[in-house]
Structure formats: C-alpha cells, structure tokens
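Notes for the one structure printed next.
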Amino acid sequence: MTEPKKQTYDPATIEPKWQQFWLANKVFKTPNPGDPCFDPKRPKFYALDMFPYPSAAGLHVGHPEGYTATDIVSRYKRAKGCNVLHPMGWDAFGLPAEQYAIQTNTHPAKTTEQNVATFRRQLQRLGFSYDWDREISTADPKYFRWTQWIWKQLHQRGLAYESNAPVWWCEELGTVLANDEVINGRSERGDHPCERRPLRQWVLKITEYAERLITDLDGLDWTESLKTMQREWIGRSEGAEIDFDVEGAGARIRVFTTRPDTLFGASFMVLSPEHPLVAQITTPAQRDAVAAYQRAAAAKSELERTDLAKDKSGVFTGAYARNPLFAAADPRGRLPVWIADYVIVTYGTGAIMAVPAGDERDFAFARQFGLPIPGIFAPSTGDAERDARIAAGQECHSDDAPFGPQNDNGTLSLAGLGMAAAKRKVIDWLVAQGRGQAKVTYKLRDWLFSRQRYWGEPFPVLHTQDGVELVPDDQLPVTLPHMDDFQPGGVPESPLIRAKEWVATKDGLGRPAQREINTMPGAAGSSWYFLRFCDPHNDKEFCGKAASDYWLPVDLYVGGTEHAVGHLLYSRFWTKALHDQGCVGVVEPFKKLYNQGMIQAFAYEDARGAIVPKKDTREDGDKVVHAVTGETLKPIVTKMSKRYGNVVNPDDVVGEYGADTLRLYEMYMGPLADSKPWNPKDVPGVHRFLQRSWRLAVPEFPENGPLHAHLRQDRADDPELAKALHRTIHKVEGDIERMAFNTAIAAMMIFVNDATKAMDKLSRSQLLRFAQLLQPFAPHVAEELWERLGGQGWLAYAPWPQVDKRLLVDDEIEVAVQVLGKVRGHAKVPNGAPNDVVLAAARVAVAAWLDGKAVVKEIVVPGKLVNFVVK
RNA sequence: GCCGGAGUGGCGGAAUCGGCAGACGCACAGGUUUCAAAAACCUGCGCCCUCACGGGCGUGCGGGUUCAAGUCCCGCCUCCGGCACCA
C-alpha cells in the first residue's frame with residue numbers, strides 16, 4: 001500500500017528552511033548611521049525585549065510571549081518603511097550560574113556558555129527577526145570593560161562611594177542583597193532569611209536623582225500602575241525638620257515630620273533603638289532597660305518587627321526634650337524621650353515627634369504607655385459627639401481639620417487655620433527661630449552595588465595605602481581570575497579573597513595594593529545594555545554618540561512587571577547620569593513600556609484545596625479525577641511549576657505544531673497585558689488556521705502542481721473578497737498599533753474563512769497581500785506562501801499592503817430598530833441615507849410593535865440603529 | 001489597612017467614542033465523507049418557556065443617570081498584583 005504523497009502544511013520542513021535563509025543572508029542586519037546601505041530618510045524604530053538570564057532550564061513559554069509581541073511590531077514597522085533596531089543578548093552574570101558551579105564543580109563561564117547556546121538555538125527556532133550581529137553578553141570582557149568604565153565615571157562624579165552602613169546579608173546565599181531583592185526580610189531568590197549587618201560595601205547615589213526619577217515619569221508612555229509603583233518606591237514626602245533640645249544633656253534631636261502643623265500636639269518623642277543619641281541621653285536609672293530593649297530589637301527578624309508588631313513596644317530613656325514652641329519653664333513643652341522599634345533608623349532622621357492626637361501610631365503608643373494626648377483640633381465633621389472626642393484628644397484624627405485655640409504660644413497662633421496654612425505658618429516661625437526648615441525626604445535608599453560573589457563584574461579599583469585608586473582606562477577590563485572553588489568563605493567575603501595572586505597587585509606608583517574582592521550585582525550589566533545594542537562592536541567608546549542619538553529612546557520595551565522597581569529604576573538612573581556627563585542625548589531610555597502578563601497553567605485541586613500533581617491525575621469523561629482515589633478534582637488556574645507537573649516546554653510545542661503555531665497561539669490567548677492560562681486543547685485551533693491559510697494556495701496533491709491553477713496567473717479581484725481583504729488589512733494594522741494581537745489574528749481567521757468558502761475566486765494578488773499581513777505573526781509560512789506565489793524580493797521588507805478606504809464602506813447597511821431600547825427588527829437602508837428615509841424603513845420593520853402606540857421620540861444613530869420611544 | 005487592575009456562555013476571550021452583548025477560537029452535539037476511524041468539510045451551540053413562530057431573562061451584587069449601560073455615577077462582594085509602623 002502506498003499512501004499518496006500530500007502537499008500538506010509541514011512546518012518541520014519550511015521553518016528550518018526560512019530560518020537558515022534569514023541567517024545566511026543576514027536579512028535582519030540593521031545598518032547604523034554612516035554604514036553602507038543606511039537610509040536616513042526612513043523613520044527609526046527601536047523595539048526591545050527584556051533580555052533573558054540564560055538559565056540551565058532553557059526557554060520557558062513565558063519568554064516567547066513578549067518576544068513575539070516585539071517581533072510582530074518590528075516586522076510590521078519594517079513593512080511600514082522604518083529602520084528597525086531589534087536586538088537580543090544575554091544577562092549572563094548572576095547567582096544561579098554560581099550556585100550551580102558550587103554544586104557541580106563546573107566553571108560558571110562554561111555553564112553560561114552552554115546555556116547561552118541553548119537559548120540562542122531555541123530563540124532562532126522561533127523565527128524572531130533579531131539582528132544577531134548585535135548579540136551581546138554582559139559576561140563578555142568586551143562588554144563589561146564598559147560596565148567598569150561607566151562605574152568609574154560614576155565614581156569620579158561622586159556617585160559611587162564606600163559605606164559601612166547596615167546592609168541586608170543573606171547567610172544562605174553568602175552575599176548582601178539590595179533592598180528590592182529582599183521581601184519581608186527574606187531573599188527574593190530562594191526565600192532565605194536575611195539580616196541587617198554593617199559591612200563595607202560600594203553604594204551608588206541614586207538618591208541624588210530621586211526628584212528627577214519622579215518628575216520625568218510624567219512624560220513616559222507607561223501604564224499608570226507601573227509609574228505609581230515607581231513613585232511609591234521612591235516615596236517622596238514633603239515636610240519639615242525640627243530641632244528639639246534635650247534637657248541637661250547638651251544634645252539636640254532632629255526629627256522629620258510631614259505634619260509640622262501639629263507641633264502643638266507633640267507630647268513625647270521617639271528615637272529608633274539604633275539612633276546614635278540614645279547612649280548619650282539615657283539616664284543611669286534607665287540604662288539597663290534601654291540596653292535590653294536595644295538588644296531585643298536587634299535580635300528581632302524583620303518579620304517580627306513588621307508583620308507581628310501590631311502591638312507597640314518601647315522604653316523610656318529617662319530624658320526629656322523641649323518643644324521649641326514653648327519657653328523653658330512651660331510645662332507644656334516638656335516631652336519624655338522614648339525609644340521604640342516602630343521608628344525606623346534609616347528613614348528621615350530616625351527620630352520623631354509624637355503627636356498622638358494626629359497620628360494613629362503615636363496614638364496607639366500613647367494609649368499603651370499612658371502618655372498624654374493633648375487635643376489640638378476643632379473639627380466639624382458633622383458628628384458632634386465625634387468632634388468633641390477629637391477636640392478632647394480621645395480620638396485620633398489625621399485628616400485636615402481646623403486647629404483649636406490651644407495652638408498658641410503667644411508669638412505663634414494656628415487657631416482656625418487648616419492644615420496647609422498652618423504648615424506654612426509653623427515652618428516660617430521655625431525658620432525665624434533657627435529651629436527648623438522645610439524638608440523633602442525619600443524612601444528610596446542609595447543602591448547597594450556590591451556582592452560577595454565570584455560570577456560578576458570585578459570593580460576597576462585598587463585599595464592602596466593611600467586609599468582607593470581607580471584602574472586606568474587602558475587597563476580595562478579587569479577580568480576575573482580563574483578559580484575552581486566558588487564556595488563562599490563562611491565569612492561575609494567574596495570567594496575572590498582566595499585568589500591571592502589576583503588580589504595582590506601594584507598601584508600606580510608600584511607599591512603593593514589589593515584588588516577589590518567584591519563584584520558588581522546582576523543589575524549592573526542590564527542597566528545599560530539597551531545603549532550597547534546601538535553600537536555593540538565599538539571598542540573606543542561604550543556607545544558612539546551618533547548611534548545612540550539616532551536610536552534612542554527605545555520606542556517599545558516589553559517585559560514583565562517583576563522589574564518595575566529594580567531594573568527599570570536603575571536603567572533610568574544610569575541613563576540620566578550618563579546624560580549629565582554628555583555621553584547620552586536622552587534623559588529617559590524607554591519611551592513606551594508594555595508589561596506582558598504571566599502565562600499560567602491549569603492544575604487540579606482536591607477537596608482539601610491541595611494541588612494534585614499532573615502525574616497523579618487522569619481524565620474521566622469531561623472530568624479530571626485523582627488517578628488513585630478517583631476523587632473528582634477541581635480545575636484551577638495557577639503558576640506553571642515543576643512541582644505540579646504543568647510546565648509547558650516551547651521546544652515540545654514547536655516539535656508538534658511548529659514555531660508559527662506557538663507564536664500565533666501565545667498571541668491569540670488573550671490581551672498581551674493579561675495573565676492567562678495555557679490550554680493545550682486550544683493550540684490545534686490556531687494550527688488549523690495556518691493549515692487553512694496554506695490550503696488557500698497549495699493543492700492537496702502534488703500532481704495538481706505547487707499552486708492552485710487559478711493562482712498561476714493574475715486576474716481581477718473578486719469584489720466581495722476585496723472588501724473582506726481590505727477590512728482585514730485595516731483591522732490588522734490598527735490592532736498591531738494598539739498591541740491587540742489577539743483580535744488581529746481573529747480578523748485574519750475571518751478572512752481565511754471567507755476566502756475558503758469562495759476559494760476559486762481568490763486572486764494571486766489578494767493572497768500575496770494576505771501573506772504580508774500574516775508575516776509578522778507567522779513569518780515562516782508567510783515566506784513560503786510568498787515564494788510559491790512568486791512574490792518579489794524579501795517578504796520581510798515588502799511594503800505593507802495599502803488599504804482602499806472606499807472598500808471599507810458598504811452601499812447598503814442594516815440598522816437595528818429598537819422600540820423602547822429593545823431590538824425588535826432590522827432595516828436595510830442605503831449607506832448615508834437621510835434620517836427620514838431611515839425612519840420610514842425602520843417604522844415598517846417594527847410596525848407590529850408601534851401599532852396602537854404613540855411615538856414620543858425618535859432617535860437615529862447614523863449607520864447603527866433607530867430607537868422609537870413609545871407610549 | 002492603603003494604592004492599582006480585573007470579574008462577560010461549559011472554557012480562553014470580543015465589543016476601540018454610551019448604540020444590535022457573546023466576534024474569533026476551544027469544547028460539545030448533529031450531519032457529509034469513510035469498510036471503519038482519524039482528518040477534513042457543513043450545520044447548530046448564553047439561560048429559561050415554546051413542536052414552531054416567537055417571547056422572557058442575561059455582562060459579580062444592590063441602587064442611580066440615560067431614549068439606550070458590559071461601558072458612566074454611588075454603595076458593596078470576590079479575585080489578582082504592588083506597598084505596608086516611611087512619621
């Protein structure tokens with residue numbers, strides 16, 4: 001028996017064919033200004049993906065989601081005549097490679113190289129139109145030479161400094177971590193406990209840019225929620241600093257407050273347990289209690305200090321401070337000074353004036369320790385009883401309310417004023433008295449920029465007998481020494497401390513010096529890679545100004561929300577710092593940012609709510625049951641996880657259906673920004689669409705030739721199909737512009753359905769244009785169809801088909817006819833018919849519903865509907 | 001607790017500016033083809049009443065604005081994400 005050979009859609013043969021064609025001909029190589037073939041008349045478009053960390057696990061289905069989206073836009077923009085920069089590279093330094101090295105005794109450079117090879121192969125299998133000549137790796141000395149150079153620039157401008165302040169230390173990971181890498185006192189990676197420790201570290205002064213990092217958000221095309229996240233992370237607060245003298249101690253406590261207007265209501269002060277003045281002001285009688293409290297606070301984990309600490313705790317120091325509003329003898333001005341861990345040493349000045357009448361936390365503290373709660377407000381909330389309680393200090397009130405007559409010290413009165421006016425008046429008074437000034441503080445801390453790791457960029461710095469000395473530019477890069485043992489030393493030191501020959505070196509004067517043994521964090525290389533892509537082979541500069549002036553800013557940047565405050569903030573900071581130095585023209589690197597949602601998966605839950613791993617389930621009819629107990633399980637949507645056995649591997653999908661199907665399915669699942677579950681049963685649906693597209697051009701049996709007979713020569717377009725096609729072009733174009741890829745695909749499906757029903761009416765020219773529409777989404781099959789149909793030149797650069805607007809309107813349209821807002825019929829009328837014609841037709845269509853009724857009102861929405869309001 | 005986002009058929013989702021809710025796909029059912037099955041193709045498919053024609057109800061819940069509400073306003077509920085003693 002010989003099966004007749006069929007010319008079916010076979011991605012396994014056409015996809016490798018076109019991938020090799022694109023690579024061999026460097027189809028997507030993008031020239032820079034000044035290069036041969038560069039066309040300055042075209043507009044530019046820079047489409048960027050968040051480059052991956054090449055893990056040993058290989059590509060996850062989450063990666064191709066955002067990558068397909070930018071690839072669609074890139075291919076579309078090329079067809080629209082843009083010079084498109086669409087690069088890819090590797091965020092190759094980092095912890096997992098080193099952890100793996102420790103476990104398996106393989107050098108991280110080797111595993112990284114293997115992982116990169118896997119990622120590159122997997123990405124190339126998906127047909128992305130990257131300019132592979134621009135591929136970069138952050139772990140490549142040719143790259144990190146410039147990471148080190150940028151760090152030197154920051155250092156020379158005073159933006160990099162050494163600090164001994166307490167930092168997050170993770171024992172399990174053997175390194176310090178930045179604030180955004182620690183969540184509730186545990187490491188983001190691995191969920192290990194972390195603690196605060198004073199350690200010498202390199203820090204970058206991102207706080208110097210806090211104000212600009214907030215204000216420049218306004219001009220960016222990012223989602224409001226992401227901008228809000230950044231604003232909140234930076235955490236700007238306007239208020240005042242006020243100085244309080246400590247009785248007898250000769251000390252002065254400076255506090256930060258956002259409510260200087262409530263100064264009359266201050267009844268005690270609180271220092272954080274770590275505040276440097278605590279030792280000086282504590283009275284002998286209180287010394288033991290204070291020391292015990294400090295020890296207890298230090299021993300508490302961050303979790304205990306935040307999550308569990310709804311009850312306030314604290315200890316009196318025995319000292320009293322003076323409210324600057326009152327004369328020395330005035331008892332109203334005598335404020336006991338406490339220490340309590342609800343005051344954080346790293347925020348503001350680490351000390352507060354407590355105003356229990358106006359602050360919930362101070363109120364709770366005052367209640368707990370029996371401290372006075374002087375009322376300061378004279379509110380009128382509309383609830384007289386509540387007003388009385390607030391005025392008497394029996395209820396805390398933190399909203400704007402007029403101040404009462406007690407807010408008066410003889411030289412300053414706030415009586416009757418509201419919050420804003422009172423703030424101004426108090427600050428003016430404090431300034432005149434030399435007791436305080438307006439002040440803005442930020443929650444944002446400086447960026448902890450060193451790690452106790454091997455697999456990162458070495459710092460281009462030496463420790464000499466005179467202090468710190470930068471390595472000269474001509475000696476960059478400082479490369480890592482070869483090592484075989486990457487174990488952390490059990491002390492907070494980098495493994496590099498054991499590379500004794502590497503560490504011991506000579507300074508500029510030939511005297512003994514030591515290399516810095518800390519390395520840079522993972523976010524170092526990723527904070528400027530978008531710049532390097534503009535000019536990746538430059539060995540004179542980190543990026544030529546002409547190249548970055550042309551390509552920047554990034555027009556479209558797609559990635560997950562997990563980088564909302566880390567990477568995106570750091571990149572903005574470095575761009576601004578380099579801009580201030582004249583090295584980069586823009587102040588913001590990413591004009592439009594789009595966050596893709598997460599691809600989730602189905603899992604099955606038993607009656608107790610526990611997730612049953614896939615291998616312990618089986619299908620039973622349309623239900624899924626427990627393989628052993630037979631219990632019916634409840635389907636839920638959750639993260640993909642090895643533990644649940646519901647991880648989808650893109651290689652498997654490509655193997656079964658091809659890359660075009662994978663790309664199309666991921667875009668068809670739903671809006672790019674939404675999280676949505678992977679449903680294996682839906683994948684064949686989009687695959688069938690590609691098969692149907694294929695069959696429009698290619699006969700089933702080879703004896704009928706490589707193309708249907710009616711497509712072998714040109715002929716006039718069928719008018720009905722022409723309308724359908726132009727509608728599709730219009731829809732797909734608009735949908736790509738607004739990143740609505742799911743509906744663009746639906747529109748193409750509608751066209752293919754229409755065309756399939758009128759197959760022999762389809763013209764060659766129509767099918768060529770359809771291939772152009774399909775190309776951004778499913779480039780392999782589109783190229784193959786283009787070639788078979790005899791399309792001219794590379795499809796990737798064929799101009800986008802023109803929409804004939806005249807074909808988008810019908811001569812005759814159908815309007816819905818409503819009576820009292822309910823659709824009761826339809827009427828066909830000529831397009832653009834005057835209202836009286838439309839109304840006449842509409843009346844006929846719903847005659848039965850109007851019979852015996854009086855029409856009170858007639859509403860005509862041109863081209864859409866008619867509504868009769870009857871009585 | 002505070003700040004975002006969301007809730008639409010059996011499922012994923014569509015409805016872009018207040019104008020016919022459910023496009024498109026999946027699943028399911030019936031049919032054509034077949035020795036049979038798969039594939040492919042055709043038809044149907046929100047729920048309820050009805051042989052049918054047709055009608056009623058329907059976008060998390062309760063109100064409101066409007067000729068007209070998934071869409072706007074007020075009050076809730078649930079889920080997801082972020083922040084969380086930041087003075």
Side-chain angles (χ1 to χ4, degrees), chain A residues 8 183-184 223-229 231-233 235-237 239 255-259 262 270 305-307 309-310 312 340-344 346-355 358-362 364-365 398 441-444 561-562 564-565 595 597-598 600 602 622 635 637 665 668-671 673-686 688-689 691-692 695 700 731 734-735 737-738 740 742-750 753 756-757 814-826 856-870:
Chain A
T8 48
I183 294 158
N184 281 333
T223 58
E224 267 320 303
S225 75
L226 200 88
K227 289 191 197 179
T228 302
M229 266 192 238
R231 283 194 198 101
E232 286 177 355
W233 185 261
R236 184 182 194 275
S237 306
V255 304
F256 172 74
T257 177
T258 54
R259 294 296 303 274
T262 62
V270 186
R305 271 187 77 154
T306 57
D307 271 19
K310 287 301 151 209
K312 295 278 181 290
D341 63 7
Y342 82 92
V343 175
I344 295 161
T346 51
Y347 184 74
T349 61
I352 62 157
M353 65 175 202
V355 183
D359 183 285
E360 297 285 352
R361 296 153 300 181
D362 298 344
F365 195 86
S398 52
T441 59
Y442 302 90
K443 281 193 230 173
L444 182 69
T561 4
E562 64 273 21
V565 291
N595 289 119
M598 215 198 313
Q600 301 163 306
F602 291 111
D622 54 356
V637 170
Y665 174 64
Y668 190 64
M669 290 171 78
D674 290 3
S675 289
K676 56 243 158 198
W678 180 281
N679 186 353
K681 288 189 171 162
D682 287 338
V683 179
V686 290
R688 271 199 284 271
F689 159 68
Q691 283 175 340
R692 287 157 69 90
R695 241 175 272 125
E700 198 172 355
K731 175 76 177 153
D735 281 354
E737 297 276 3
R738 64 185 185 106
N742 53 334
T743 49
I745 294 165
M748 290 190 282
M749 287 175 168
I750 292 171
N753 290 347
T756 301
K757 280 173 195 152
E814 193 179 63
V815 295
V817 185
Q818 299 182 332
V819 177
L820 286 171
K822 291 198 161 140
V823 180
R824 297 299 182 190
H826 290 88
V856 187
K857 200 170 177 185
E858 299 165 334
I859 290 123
V860 180
V861 181
K864 294 256 163 102
L865 61 69
V866 173
N867 190 9
F868 293 109
V869 184
V870 297

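Numbered from 1 within each chain, the chains take letters A, B, ... in sequence-line order. Being a predicted model, the structure only gives us computed values, none of them experimental.
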A/Asn742 vs A/Val869, nearer the 5' end of RNA chain B by closest nucleotide
A/Asn742

In whole angstrom, give the distance that lies between atom CZ of A/Arg259 and atom C1' of B/C85.
17 Å

Nucleotide B/A15, atom P - distance to CZ of A/Arg738 in whole Å:
6 Å

Of A/Thr258 and A/Thr228, whose nearest nucleotide on RNA chain B comes first from the 5' end?
A/Thr228

Before you tell me yes or no, could you show the steps for A/Thr561 and A/Met229 under side-chain contact (heavy atoms from CB on, under 4.5 Å), namely the whole-Å CA-CA distance, both residues' side-chain angles and the distance that decides it to 0.1 Å?
CA-CA 10 Å; A/Thr561 4; A/Met229 266 192 238; 4.0 Å; yes

Pull out every protein N or O sitting under 3.5 Å from an N or O of nucleotides 19-21 of chain B, one pair per line with the distance.
residue	atom	partner	partner atom	Å
B/C20	O2	A/His826	NE2	2.6
B/C20	N3	A/His826	NE2	3.4

Using whole Å, what does the distance between atom P of nucleotide B/G10 and atom CG of A/Asn679 come to?
17 Å

Nearest-angstrom distance from the residue atom CH2 of A/Trp233 to C1' of B/C2
17 Å

When the ring centroid of A/Trp678 is compared with that of A/Phe602, is the distance short of 6.0 Å?
no

Under a 4.5 Å cut-off applied to non-hydrogen side-chain atoms, are A/Thr257 and A/Ile352 in contact?
no

Determine which nucleotide pairs with B/U32, using a 3.5 Å limit on both distances of a Watson-Crick or G-U wobble pair.
B/A40

What is the base-pairing partner of B/G4, counting Watson-Crick and G-U wobble geometry with both distances under 3.5 Å?
B/C80

Atom pair distance, as rounded to whole Å: CD1 in A/Ile750 and P in B/A14
14 Å

Taking C-beta and beyond as the side chain, do A/Tyr347 and A/Phe256 meet within less than 4.5 Å on heavy atoms?
yes

Under 4.0 Å, heavy atoms only, any strand: does A/Arg824 hit a base, just the sugar-phosphate, or nothing?
sugar-phosphate

Nucleotide nearest A/Ser237 when distance is taken to its side chain, options B/G82, B/A23, B/A87
B/A87

Reckon A/Lys443 touches a base, only the sugar-phosphate, or nothing at all at heavy-atom distances under 4.0 Å?
base

